[in-house]
Amino acid sequence: MLSNILIFSFLLIPPAILFAIPRTRRMTGSWLTAWKTVPLGCMTMLLVPAAFFGAWELLSDFQSPADYSTVRHWFNTGGLLLGLALGTWLTVFLARKIWCRYHAEGKRSFVAFVPVFLYFVGGAMAIVVICFFLPAEAEWGTFRLPKETGFTLEQKHIHLFLAEYDYRIRFQNNTYRKLHINAGGHTYFNVYRLKGNRFCLSDKDCSYLVEPQTQTVWRLSPDLKYMAPAPTEACNNWGWSTEEDGSMVFHHNKQEVQVIPVPDDLKEKVYYGCITTQFTPAEESPEQLIESRW
């Protein structure tokens with residue numbers, strides 16, 4: 001959010017000042033015209049793809065994202081190309097309008113527009129990089145799953161530049177259950193479906209049993225024989241241990257948590273899809289076995 005505000009200010013302030021001052025508003029030199037028009041074209045190049053992305057998110061609210069995953073790439077690419085085209089057209093249109101209205105004398109060239117465009121593009125990129133390294137609280141991002149699942153997976157960056165993430169399950173009434181932190185590596189979850197509209201999520205660190213009807217998430221033991229309820233608060237330390245009688249115990253934040261055996265039908269789970277940068281259904285992405293770290 002901060003980077004968006006700074007970028008919009010960076011693009012809007014120069015033309016606003018130049019148009020507000022009567023003398024500079026009437027000046028028709030190529031360089032000054034570029035400073036008045038190029039930022040507005042750059043703004044258009046940003047807003048149009050953002051509008052396409054927002055339209056895609058709105059569409060996903062009404063329809064399973066799996067139904068549109070094959071056209072998502074072309075949809076977003078179309079928004080990007082349309083934004084570039086409209087931004088370029090707006091810049092040229094405004095420049096010609098200024099030269100015509102204020103009776104520009106002599107030949108005018110668009111060559112000066114290129115370095116001005118590169119300046120604003122470079123400035124916007126610098127703002128993004130600077131804001132990325134600021135010590136600010138990261139926002140939760142959402143992986144949209146088909147509505148029939150009854151839940152979504154959310155992730156948040158916990159490192160400035162390394163691939164380290166915090167995860168949580170969100171149910172439809174905004175109830176959350178915390179998952180294990182990914183201390184290194186990109187997001188990759190296999191999603192499996194069980195009877196009774198239950199789901200199993202597995203990544204390199206842990207496996208989970210998700211029950212949307214009861215809004216419960218269970219953390220499975222490494223041998224997939226026991227499970228413990230996933231916490232609602234941050235998990236600072238956790239682990240599994242075996243008691244003298246052979247029973248399994250789960251420790252969470254220095255507290256022992258009661259465990260129960262996993263359901264028998266866990267072995268009958270059916271591959272449903274995977275989560276990487278988005279959810280991809282089984283029909284479009286064959287199952288890739290994940291090697292556990294534990």
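Atoms considered below: every heavy atom in the structure, side chains included; atoms not considered: hydrogens, waters and symmetry mates.
Remark: Arg25 CZ is packed, more than 12 non-hydrogen atoms of other residues, nucleotides or ligands lying under 6.0 Å away. The number of heavy atoms from other shown groups lying within 6.0 Å of CD (Gln172) does not exceed 12. Atom CZ of Arg96 has 12 or fewer neighbouring heavy atoms from other residues, nucleotides or ligands inside a 6.0 Å radius. In the displayed structure, Asp223 atom CG is contacted under 6.0 Å by more than 12 heavy atoms of other residues, nucleotides or ligands.
The minimum heavy-atom distance linking Ser30 with Phe113 is given by the pair O-CE1, 3.7 Å. Summarising the geometry of Cys206 relative to Leu220, their closest heavy-atom pair is SG-O, 4.0 Å, with the distance given to 0.1 Å. Of all heavy-atom pairs spanning Phe117 and Val38, the tightest one is CA-CG1, 3.6 Å. When all heavy atoms are compared, the tightest approach of Phe171 to Pro212 is CE2-CA, 3.7 Å. Taking every heavy atom of both residues into account, Met27 and Leu32 meet most closely at CB-CD2, 3.3 Å. Closest approach of Gly41 to Thr91, counting heavy atoms only: CA-OG1, 3.4 Å.
Within the 4.5 Å cutoff, side-chain heavy atoms of Ile275 are placed close to those of Leu145. The side-chain heavy atoms of Val210 and Arg198, taken from C-beta on, include no pair separated by under 4.5 Å. Between Trp140 and Arg170, every side-chain heavy-atom pair lies at or beyond the 4.5 Å cut-off. Contact annotation: the side chain of Tyr226 never approaches that of Ile260 to less than 4.5 Å [non-hydrogen atoms, C-beta and beyond]. Between Leu82 and Phe52, the closest side-chain pair of non-hydrogen atoms falls below 4.5 Å. Between Asp205 and Asn182 there is a side-chain heavy-atom pair separated by less than 4.5 Å. Counting heavy atoms from C-beta on, the side chains of Phe151 and Gln215 never come closer than 4.5 Å. Contact annotation: the side chain of Tyr188 approaches that of Cys274 to within less than 4.5 Å [non-hydrogen atoms, C-beta and beyond].
In this structure a side-chain-to-backbone donor-acceptor pair under 3.5 Å is missing from Thr142 to Arg144. At distances below 3.5 Å, not a single donor-acceptor pair connects side-chain atoms of Asp265 with backbone N or O atoms of Glu268. In this structure, Ser285 contributes its side chain and Ala282 its backbone to no donor-acceptor pair below 3.5 Å. With hydrogens and angles ignored, the 3.5 Å screen pairs a side-chain donor or acceptor of Ser9 with a backbone N or O of Ile5. Distance alone, capped at 3.5 Å, places no donor-acceptor pair between the Thr88 side chain and the Leu86 backbone. For the pair Thr44 (side chain) and Gly87 (backbone), a donor-acceptor distance under 3.5 Å is absent.
Residues Met43 and Met45 share a hydrophobic cluster, clusters being chains of Ile/Leu/Val/Met/Phe/Trp/Tyr side chains in contact below 4.5 Å.
Judged purely by distance below 3.5 Å, without hydrogens or angles, the side chains of Ser207 and Ser202 pair a donor atom with an acceptor atom. Side-chain atoms of Arg108 and Thr28 include a donor-acceptor pair closer than 3.5 Å. In this structure, a donor-acceptor pair under 3.5 Å is absent between the side chains of Asn197 and Gln213.
Below 30°, between 30° and 60°, or above 60°: for Trp35 and Phe120 the angle between ring planes is above 60°, a perpendicular geometry. Aromatic ring pairs are classed by plane angle as parallel below 30°, tilted from 30° to 60° and perpendicular above 60°; the pair Trp99 and Phe110 is tilted.
Among the candidates Gln155, Lys178, Lys156, His157, the single residue satisfying the side chain to side chain donor-acceptor pair (under 3.5 Å) test with Asp166 is Lys178.
Note: Phe199 and Tyr272 meet the aromatic proximity criterion, with ring centroids under 6.0 Å apart. For Tyr167 and Phe143, the distance between ring centers is not under 6.0 angstrom.
The line from OG1 of Thr187 to CG of Leu153 is 7.5 Å long, rounded to the nearest 0.5 Å. Considering CD1 of Ile98 and OG1 of Thr33, their distance stands at 5.5 Å, rounded to 0.5 Å. For the atom pair CD1 of Ile169 and CG of Leu201, the computed distance is 5.5 Å after rounding to the nearest 0.5 Å.
Ionic pairing of Glu148 and Arg193 is present here: one or more N-O contacts between side-chain nitrogen and carboxylate oxygen are shorter than 4.0 angstrom.
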Please walk me through it: do Tyr176 and Glu154 pass side-chain hydrogen bond (donor to acceptor under 3.5 Å, both in side chains)? CA-CA 10 Å; Tyr176 299 94; Glu154 297 186 341; 4.7 Å; no
Step-by-step side chain to side chain contact (heavy atoms under 4.5 Å, CB included) determination, Val262 to Leu209: CA-CA 9 Å; Val262 299; Leu209 179 63; over 6 Å; no
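For the pair Lys36 and Phe19, the cation-pi criterion (under 6.0 Å, within 45° of the ring axis) is fulfilled.
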